[in-house]
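All remarks here apply to the structure that follows.
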Amino acid sequence: MMDRRKIRYSDYLALAILSAVGLAYEVLLLRVFSYSQWTHFASIAVSLALLGFGAAGTFLVLLGKRVDRWGDRLFISGMLTGVVGMLLSVLLPQWVSTRPLFAIWNLAELQKLLLLDFVAFIPFFGIALCIGQVFIRWPESTRKLYCANLIGSGMGALLPLCLLPRLFLEQMLFLMPIVLLMNATTFGLSHSGTRLAGRISLSITILASIWLAAGPPKIPVSDFKQLSYLLDLPDAEIIEARPGLSNQYTVVRSNSIRMAPGLSLQWEFPVPAQDAAVIDSDRVIPLPRSWEAFGHERAMLGYAPFLLRKGGPVAVIGASEWLSFGQMGNRPVEWVQDSSELAQLFTDRGLAKHVHQHVGGARSFLRSTQETYAVIYLVDCFGAKDSTSEDYLLTTCGITAAIKNLRPGGVLAIPISMEYPPKHAIRLITTLDAALKNSGARNPARQVIILRSLTEVLCLVSNQPFQQTDLDTIRSFSEKWSFDLAAFPDGSNEHPDTYHHLPDSVLYLSAKSILADEGELPESGQWYRTPPATDNQPYFWRSMRWKSVPSLLTTFGKQGLIWLDWGILATVIKAVVATVLAASLIILPLGRLPRGGAPVSRGSVFWYFGALGMGFLLLEMAVFQRCLLFLTNPVSTASLVIGTFLVGAGVGSLSTPQANSSKAAKRLFLPIFLASAFAFLVLFPGKDHLLAFPPLLRITNLIISILPLAWFLGRAFPWGLRKLDCQRPLIPWAWGVNGFISVLAAPCATLLSIHFGQPVSWIGAMTCYLLAASIALRWNANSGTISARGTSGPGQRRNCLRSR
Amino acid sequence: MVRWQIEKRGVRDKAVIKAMRTVPRHELVPPSEEDEAYSDHPLPIGHGQTISQPYIVALMTELLELEPDDVVLEIGTGSGYQAAILGQIVSEVVSLEIIGKLANKARRDLERLGYKNIKVKHRDGYGGDPKEAPFDAIVVTAAATHIPPPLLKQLKPGGIMVIPVGGKAWTQNLILVKKDEEGTITSENILPVRFVPLTRKRR
């Protein structure tokens, strides 16, 4: 029997709530994947959400008239599918442990990993089933439904921002299905025909709430993560845990935790045991058990900048294993990092009053502070990041900004780990060289000292040439503690590998070649990428050169595998898997692409809706990558960008032009290019002005610059659908092609920005819209010709004319 | 295994190759891993620990430049395989293991295989073993962010230490440390190594 009931306000409410849960769950998954697996698995969440929405669209098309017939029952089934998917994605990892790295050579591991990720697709499929269904059932209420969908999505984007600082990830993961269950219960009990489902839903809600109250199961952390490693120590105990917006914090205590990177081999005494603050599950910050000085801090490489500049204020940027306030003495210290939770952990331990904490992004701090410093210490650089992560500090502009904030003769200190072959150290030198030249240095070699210990490198950069007294100080420090001088302004370091031998003097030779233009880069210095990172391509940690992979594997055999950029390789694998899944779940079930007819050929449908799918996602991802420069925090950035794009595009779709003339196509696409140019100007050339704004004004400006673009982008898709009124069998294909290409676009956007820069992603997106515009113009021109010649059939012609 | 995984990759020391041929690796891995005992990768031995791949064991042993009358300290007994290889070559091996159950099992296994010159002790290896020091060679099979100073102190002048150093749980550099007759310490970066913690029991 057809469900012909009228739409009620409770339907709008149910739609808004499930839209909110869907979006909040997507943002939450970004955090969960990053916490439990690899950081670069986080972006899978976006692909899974898109896949779920695309597959649900295809499923609804296949259901045909049954969508109306099953009505409310289908709606509540969608919600319960979402709940089951969410609960499964919490419970399955409890039983199935994964080791992502083993997936490279172990098929069983790969299958387990894919299974776990695929389960996370089910909630999106269920939720999208509900959302898509209401538009089919009540087409006359499209505007109000869009409104409910958008308000809900907007709330969903804000939800993680409000709850993550207060709740642990596992609590949030349980809260989402409970909210969805409560929604299903209310909906089920208030509609006849779904009361039984409502009662079942109520029972599950009660059980799940009890489970949540009793403490939900912990999210298992991959064995590769530092948290797992530390908890394996025999006497390890968790003494404190805190939730946080971007990260969760776990303080681990064990008498075997002793961190001292860069410690001299000449130091004879044990390093005292520390506690470890584990950020999420992989970054470790030493938490001293007492602030008493043990002396070993002065035998560490990290002491060099404070020995060089004994007075004056210090700015410490970031946090890593390298962080040691004991080296800085009693001088004023400004500690800049983006976590208020970490700040609180140090405050609770009685961090000295002369250390002032500034919670915020490094680049905005460097742009807005009026203070200049004797030492700026980028301790964050020691913890290498994933190759696909944006790092706006280690770019030519980032380093230039730091140099600008130094007092005359001040020292910028950058620690980095040193492997052989050097994966990042050579690139750091080229970035320093470019930044110094940007800052007006004539001979960068006079302004850089590079010290090397066992497996660490410390670069000291000054805004003026180092003085002889500086060189004497560093030379005696390095001789006392057996540190090698890889770069030294007076060139007197002819034996650069005295204490720590490398197979060749790669760092010394590279520094000479880059900073002093003497000689060629040695071969081992060219195995990884060397061009300086820039703000437009802020991927300092992307090191792999595709053409060097064979020689790395030949030289190091299986050991060479660990020196590849697995973040990038995983993104490529993700793109392949996404293609297969999207083709299987979205495109193939639709069968053969039906033959089109004038003015809309099937080829043009494929290219138009494919171009929109690719263009929208490329742009959204490029904006997200860029906004990290201004907001730093990935969760709040994701919430802001996704929320703005969603709301803007949704509201924009309500104002889609009706006209069918060639002017309509111009009216549709010209504003997109204008709004895109405006957003680009604000985000790219206008970055310095934005960085200088206080946080709230910065966020407002970002929304103002993105919203018009999103608004205009949202009109092209429904306009295209209207054109298909004449060719109705092509409509499911339009949805399918758009969904399929969107799934591919997410990893493609990452790869494009990494390899060619964010502006290229942006240009790529605009090229897609240019393609769509040219197709739209042709459609309109053809339909004009057809109308004039009167060649189309009467029914078809009536439909096309109606769409005007 | 010896020909393809070890000799072909450049390990030449005859004593090391003989030891690798002699020690029954399959006797020191868990029964579930016996079929894979001689494969070219690490294996799980429980408690989140691994038995290193044969090549890494052979390479680390060769780097120590051992003599028959040497006394060697091993940090991280694990399965006891590395200790058994050392025990074939030198007069005495002291092996420290932080996980009690692993220490007991390795002690029993090594006794069962007839090794009389290997002492397995349950303790944190950071402080070494001052009572048994000094040592001609030290081999560390667990990664650290720095070389424990007590170990350097317990290394004899002219002694050699091999240790993986690195911050991350699964990427380290294998470092060769030498203390000359005057006590001057130098290091050499040998190659990247991978330490992969395997699946533990869920907590």
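Each chain gets a letter, A, B and so on, in the order the sequences are listed, and its residues count up from 1. As the structure is a prediction and not an experimental result, all values here were calculated from the model.
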Would A:S256 and B:D124 count as a side-chain hydrogen bond (donor to acceptor under 3.5 Å, both in side chains) here? Give the steps.
CA-CA 7 Å; A:S256 299; B:D124 183 355; 3.2 Å; yes
| field | Intermediate values then yes/no, side-chain contact (heavy atoms from CB on, under 4.5 Å), B:T186 and A:H501 | value | CA-CA 8 Å; B:T186 55; A:H501 307 295; 4.0 Å; yes
*Hey, mind stepping through A:M300 and B:H146 against side-chain contact (heavy atoms from CB on, under 4.5 Å) and telling me if it holds?*
CA-CA 10 Å; A:M300 288 164 71; B:H146 62 280; over 6 Å; no
- prompt: Yes or no on side-chain contact (heavy atoms from CB on, under 4.5 Å) for A:Q266 and B:I185, after CA distance, side-chain angles and deciding distance?
  reply: CA-CA 7 Å; A:Q266 304 303 325; B:I185 300 165; 4.2 Å; yes
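Residue B:H26 qualifies as enclosed at atom NE2: its count of foreign heavy atoms under 6.0 Å is above 12.
Taking OH from A:Y420 and CD from B:E188, the interatomic distance works out to 11.0 Å, rounded to the nearest 0.5 Å. Atoms CG and OG, on B:L152 and A:S264 in that order, are 9.0 Å from each other to the nearest 0.5 Å. B:K179 contributes atom NZ, which lies 11.0 Å from atom CG of A:L265 (distance to the nearest 0.5 angstrom).
For the pair B:N189 and A:P503, the tightest heavy-atom approach, listed with the atom from each and the gap, is O-CD, 4.0 Å.
Ranked by heavy-atom pairs shorter than 4.5 Å toward chain B, the options A:M259, A:H296, A:K218 are led by A:M259.
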Name every donor-acceptor pair, under 3.5 Å, that has one atom in a side chain of residues 130-139 of chain B and the other anywhere in the protein, sequence neighbours excluded.
unit_1: B:E132; atom_1: OE1; unit_2: B:K119; atom_2: NZ; d: 3.1
unit_1: B:E132; atom_1: OE2; unit_2: B:K119; atom_2: NZ; d: 3.0
unit_1: B:E132; atom_1: OE2; unit_2: B:K121; atom_2: NZ; d: 3.1
unit_1: B:D136; atom_1: OD1; unit_2: B:K156; atom_2: NZ; d: 3.1
unit_1: B:D136; atom_1: OD2; unit_2: B:V71; atom_2: N; d: 2.7

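Contact check for A:L263 versus B:P149: side-chain heavy atoms found under the 4.5 Å cut-off.
A donor-acceptor pair is defined here as one N or O able to donate and one able to accept, closer than 3.5 Å; such a pair exists between the side chain of B:Y126 and the backbone of A:V271.
Heavy atoms of A:T498 lying under 4.5 Å from chain B belong exclusively to its backbone. Of the two parts of B:I175, only the side chain, counted from C-beta on, holds a non-hydrogen atom closer than 4.5 Å to a non-hydrogen atom of chain A.
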